Colleague: 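First the structure, then my questions, so here it is.
Sequence lines set the chain letters: A, B, ... in the order given, protein chains first and strands last, and positions in each chain run from 1. All values below were derived from every heavy atom in this structure, side-chain atoms included, with hydrogens, water molecules and symmetry-related copies excluded. Because the structure is predicted, anything quoted here is derived from the model rather than measured.
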Amino acid sequence: MRKRLRYGVIAGVIAAPVAAAAAVVPAASATGGGSPSSAFGISAVGLVNIPRTPVVSSESGPRSRSVVSVPASPLVHLSVIHTRAVPGHAEASVADLKIAKAAISPKAVLSAKLISARCDDGAGSSRLVDVRLAGRAIQAGTSPNSRITVPVEGLGGVQVTVNKQVHNADGSITVTALELAVQALGKSQTIAISSATCAGQSSGEAPKPTPVPSDLPVTG
Amino acid sequence: MVGAVAVTAIATLVTGCGGKSKSPSTSSAAGSSAPTGKLPEATTFTTLKNIPKDTAALASADGTVVHPTAALPVSVTPGGQPVATLPAKELGGPTWVPVVETKPGWERVLLPSRPNGAAGWIPSGNGKVETAHSPYDVKVDTSARRLTLLKSGKSLGTWTVAVGAPKTPTPTGRTFILASLAPAKATYSPLILPVGAHSDSLDTFGGGPGTVAFHGWPQKSVFGQAVTHGCVRVPADALRQLSKVPLGTPVQISG
């Protein structure tokens, strides 16, 4: 799965003028149990489709990837997306993001200096820096799943979910720093930016100890 | 790697056999100001200065335990300057410590060093921490001289035990099972289960750093008595049950 997605990104790199830098660190000795951690920087589903980019997933050692643009997406401009995952931890960040309303309208409807999400042992958090949607500042609160609706000319009300946190059936949690949802031309369009998934702390039972052939003078 | 602190501790260990009186601590270090420039290891042999104490000493932990797969820095605040390192091994076995507080990217854990209740922050999410859950709880009531072992909140047994004598009491507060040791010569117990706590009245004992432990005892007559130097002597059945309890499992000792 990971390989297929990586090749997908690479194919996109060839098809579009994209400079991608993928840094894959070899598996380390980490042995965290439970579900794999994963992260992606951006995805869109609807009239505009963007596969989760760039996806990283880890069941054993650290994995990280960076890309500097999104393949075949003229509406989306950014300086860099970085994603990283190790067991029990995942993070994603998107820097200098601009999303246009339409290809013929270069003016950004959404702009952000930084949108990042991180997941640590089943606890999620999000960070938004200088995020504006149709001129309105969007800020990350401390509580998850903050929702507001922002009117955008030509699109109607865009539902914005900040620090979206979903508890998955396998015990992991997914935190998405910013999610936009809108009904456009009778179809729903969603865009997720900076998403991280990791397993909770109580993913496995601690082992029964193996006695060490040793002694320690204790306070008998 | 064995640091100067551990060397000092071992030197104290081999020269101080039989000592019971209050004497200079086995070793001490003050974080980044340690003379060698190296951070002290958080082990049962060391004393960590300027390390905050567990703020909820009698609260129940949720059973989350962590094992560093490599030495990790320990700081007073999340992201703060490291003041010690938590090694991957303690007393020859894997290090497992209980988590008492979490913040994104950081976990506050109980440490096996003096002073009692020492707790510090270690980084998580770097692939160097294995996280697991211990369903067990060990509770010791020194007044009632009773030990109760629980699994998932249900009692597996309650035993009458021997606790510290009035002049060498078993220290109260929240600690954890540090190691499982099988001595070559089982003088008084086939198994010794040191915990993270130390005697408050004895800086050293028998050449060791005054570590409190669970262990057996040949004479059953001691159970129910306050006669030890701080350790908790338990009946054979209790020791058998405790031998299955994962390292890092929280131990609550109340007076």
Colleague: Listed by chain and number, what are the side chain to side chain contact (heavy atoms under 4.5 Å, CB included) partners of A/Val160, not counting sequence neighbours?
Modeller: A/Leu133, A/Ile138, A/Ile148, A/Val150, A/Val158, A/Val162, A/Leu178, A/Leu180
Colleague: For B/Trp96, is it the side chain, the backbone, both, or neither that has a heavy atom closer than 4.5 Å to a heavy atom of chain A?
Modeller: side chain
Colleague: Indicate whether any N or O donor in one side chain lies under 3.5 Å from an N or O acceptor in the other, for A/His82 and A/Ser66.
Modeller: yes
Colleague: Quick check for you: among B/Pro135, B/Pro194, B/Gly93, B/Ala213, which has the greatest number of heavy-atom pairs under 4.5 Å with chain A?
Modeller: B/Pro135
Colleague: Against chain B, label A/Ser37 side chain, backbone, both or neither, depending on which of its atoms sit under 4.5 Å from a heavy atom there.
Modeller: neither
Colleague: Given heavy-atom pairs under 4.5 angstrom as the criterion, report whether the side chain, backbone, both or neither of B/Thr168 touches chain A.
Modeller: neither
Colleague: How about A/His167 and A/Gln165: does a side-chain donor come under 3.5 Å of a side-chain acceptor?
Modeller: no
Colleague: Heavy-atom pairs under 4.5 Å with chain A: which of B/Gly63, B/Ser180, B/Gly164 has the most?
Modeller: B/Ser180
Colleague: Does any heavy atom of chain B fall under 4.5 Å from the side chain of A/Val86, the backbone, both, or neither of them?
Modeller: side chain
Colleague: Scan side-chain atoms only and decide if B/Thr211 and B/Thr44 contain a donor-acceptor pair under the 3.5 Å cut-off.
Modeller: yes
Colleague: Which atoms of B/Val212 are under 4.5 Å from chain A, going by heavy atoms: the side chain, the backbone, both sets, or neither?
Modeller: both
Colleague: Where on B/Ile192 is there a heavy atom nearer than 4.5 Å to chain A: the side chain, the backbone, both, or neither?
Modeller: side chain
Colleague: Salt bridge check, A/Arg118 against A/Asp120: does any charged N sit closer than 4.0 Å to a carboxylate O?
Modeller: yes
Colleague: Would you tell me whether A/Ser93 and A/Ser116 have side-chain atoms, one donor and one acceptor, within less than 3.5 Å of each other?
Modeller: no
Colleague: Of all of B/Thr249, B/Leu191, B/Val245, B/Val232, which one pairs up most often with chain A through heavy atoms under 4.5 Å apart?
Modeller: B/Val245
Colleague: Where does A/Ser214 contact chain B at under 4.5 Å (heavy atoms): side chain, backbone, both or neither?
Modeller: both
Colleague: So which residue, A/Ala90, A/Cys119, A/Pro211, A/Ala85, ends up with the most heavy-atom pairs under 4.5 Å with chain B?
Modeller: A/Pro211
Colleague: Quick one about B/Asn116 and B/Asp200 (side-chain donor to acceptor, distance below 3.5 Å, no hydrogens or angles considered), yes or no?
Modeller: yes
Colleague: Please tell me whether A/Asn168 and A/Thr174 have a donor and an acceptor in their side chains that are separated by less than 3.5 angstrom.
Modeller: yes
